[in-house]
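Residue numbers start at 1 and run along the sequence shown.
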Amino acid sequence: MGAWRAWAPGRETPAAWSDWANGGTGGDAAVTSDSAAAPAALPMILRRRATPIGQKLIGAALACGDAARTARYVLASRHGEMTRTVGILDTLTQGELPSPAEFSMSVHHGLAGLLSIHTGNRAGHTALAAGADSFGYGLLEAALSLHERPEEAVLLLYGDAPLPDGYAAFDGAEERRTLPLALAIALGPADGGTDTITVGTVARPDTDAQDPPASTALDFLRFLLSGAASATSVGARRTWAWRRGA
């Protein structure tokens, strides 16, 4: 694992996330170290093209340094920038046409494309949506990308926000409690040391197929930052497992 950056309301800096992962409250207001500096504001052109959750995800990616400019992207999100899609639907119901800019950014991989244009990154990207297991499958896709091309670093991007009013019934109660969340993690080839993480997964029985009780993305981030030797997370249709070391 390489650089990482995450954002959630009240937890916007590495210091706050590390405090949270190790049992603290994780609030930025309580963290005063130099490492808790707020991330730099995005250029206006990116703020204009991205929704609030999209801005946080791009900001997290850019905070990972060289990875944003050189690594392959894997973008995972259950709903993507759903507020944009709902806005387009509302515009159509009023008998109007959506703006070309809104329409072009409504595809699921729009943020990855916007980021790659901004950074001049031509390494390519993959975008996926897998319900409440989106983060788990995104991490698995990133790991498989590294296995396929060990010489190419991968930047995993995950971001989701609660669905807009009128669609909230399609979110699980626990899922809404843990959102919004944006996370970027740079991954490189395994070196056999303690920074090497093995990813595993098994299917849950069909009778257990339901919204998970927790956020797999948050479970992984806690594992990553706490230094734990291993951890598991119960997803909607898969149970995810991670282990440190070769």
Side-chain angles (χ1 to χ4, degrees), residues 1-7 14 17-18 21 57-78 80 107-131 133-160 181-203 215-233 235 237-246:
M1 291 291 172
W4 66 275
R5 183 57 64 94
W7 174 90
W17 281 104
S18 294
L57 187 54
I58 288 178
L62 293 176
C64 290
D66 287 343
R69 295 183 289 273
T70 61
R72 295 176 65 189
Y73 301 157
V74 173
L75 171 66
S77 178
R78 180 175 187 174
V107 294
H108 197 67
H109 69 146
L111 282 175
L114 181 62
L115 178 62
S116 66
I117 292 171
H118 176 71
T119 59
N121 187 331
R122 299 185 178 182
H125 60 259
T126 300
L128 60 90
D133 285 309
S134 291
F135 174 81
Y137 278 110
L139 181 60
L140 182 61
E141 173 68 21
L144 292 173
S145 295
L146 276 175
H147 179 74
E148 180 183 39
R149 302 177 187 173
E151 72 282 2
E152 293 187 11
V154 177
L155 183 61
L156 172 61
L157 308 172
Y158 170 76
D160 262 314
L181 174 65
L183 173 61
I185 305 174
L187 299 91
D191 60 7
T194 57
D195 286 340
T196 299
I197 293 177
T198 302
V199 180
T201 181
V202 295
S215 165
T216 299
L218 287 178
D219 286 345
F220 179 80
L221 192 54
R222 190 185 297 276
F223 160 72
L224 180 66
L225 301 182
S226 67
S230 63
T232 60
S233 179
R237 296 185 180 275
R238 312 286 302 185
T239 295
W240 304 93
W242 313 292
R243 178 172 55 84
R244 274 187 166 83

Rounded to the nearest 0.5 Å, the CZ atom of R122 sits from the OG1 atom of T70 at a distance of 14.5 Å
Value for CH2 (W4) from CG (L224), rounded to nearest 0.5 Å, stands at 7.5 Å
Name each donor-acceptor pair under 3.5 Å that joins a side chain in residues 141-154 to protein atoms two or more places apart or in another chain, with its distance.
| from | atom 1 | to | atom 2 | distance (Å) |
| --- | --- | --- | --- | --- |
| S145 | OG | E141 | O | 2.9 |

Rounded to the nearest 0.5 angstrom, the CG-OG distance for L155 and S116 is 11.5 Å
Taking H108 for its side chain and L128 for its backbone only, find out whether a donor-acceptor pair lies under 3.5 Å. yes
Residues A217 and L181: closest non-hydrogen pair is CB-CD2, 3.7 Å
In this structure, CD1 of I197 is separated from OG of S230 (nearest 0.5 Å) by 11.5 Å
Identify whether the distance between the nearest side-chain nitrogen and carboxylate oxygen of D219 and R222 falls below 4.0 Å. no
In terms of heavy-atom contacts, A61 and A68 come closest through O-CB, 3.4 Å
Between R237 and A203, is there a donor-acceptor pair closer than 3.5 Å when you use the side chain of the first and the backbone of the second? no
Test side chain to side chain contact (heavy atoms under 4.5 Å, CB included) applied to L183 and L221, step by step
CA-CA 9 Å; L183 173 61; L221 192 54; 4.0 Å; yes
task = Side-chain contact test, heavy atoms from C-beta onward, threshold under 4.5 Å: evaluate it for I58 versus L114 and give yes or no.
result = yes
Residues passing the ring-ring contact (aromatic ring centres under 6.0 Å, His included) test with F135, sequence neighbours excluded, are Y158, F220
Distance col, row L139:CG vs D133:CG, nearest 0.5 angstrom, shows 12.0 Å
Review point. Counting only N and O atoms by type, is there a donor-acceptor contact under 3.5 Å from the side chain of T216 to the main-chain atoms of S233?
Key: no
*So, does S77 use its side chain to make a donor-acceptor pair with the main chain of G159 at under 3.5 Å?*
yes
Interatomic distance, CG@L75 vs NE2@H109, rounded to 0.5 Å, equals 9.5 Å
- Can you find a pair of side-chain heavy atoms, one from L62 and one from L115, that are under 4.5 Å apart? yes
Nearest heavy-atom contact between R238 and Y137 is CD-OH, 3.3 Å
Strictly distance-based, threshold 3.5 Å: is any side-chain N or O of W17 a donor or acceptor partner for the main-chain N or O of A6?
yes
Considering only heavy atoms from C-beta outward, does the side chain of W240 approach that of T232 to under 4.5 Å?
no
* Asked: Which is it for W242 and V199 under the side chain to side chain contact (heavy atoms under 4.5 Å, CB included) test, yes or no, and what are the steps along the way?
  -> CA-CA 5 Å; W242 313 292; V199 180; 4.2 Å; yes
For S226 and A21 the tightest heavy-atom approach is CB-O, 3.8 Å
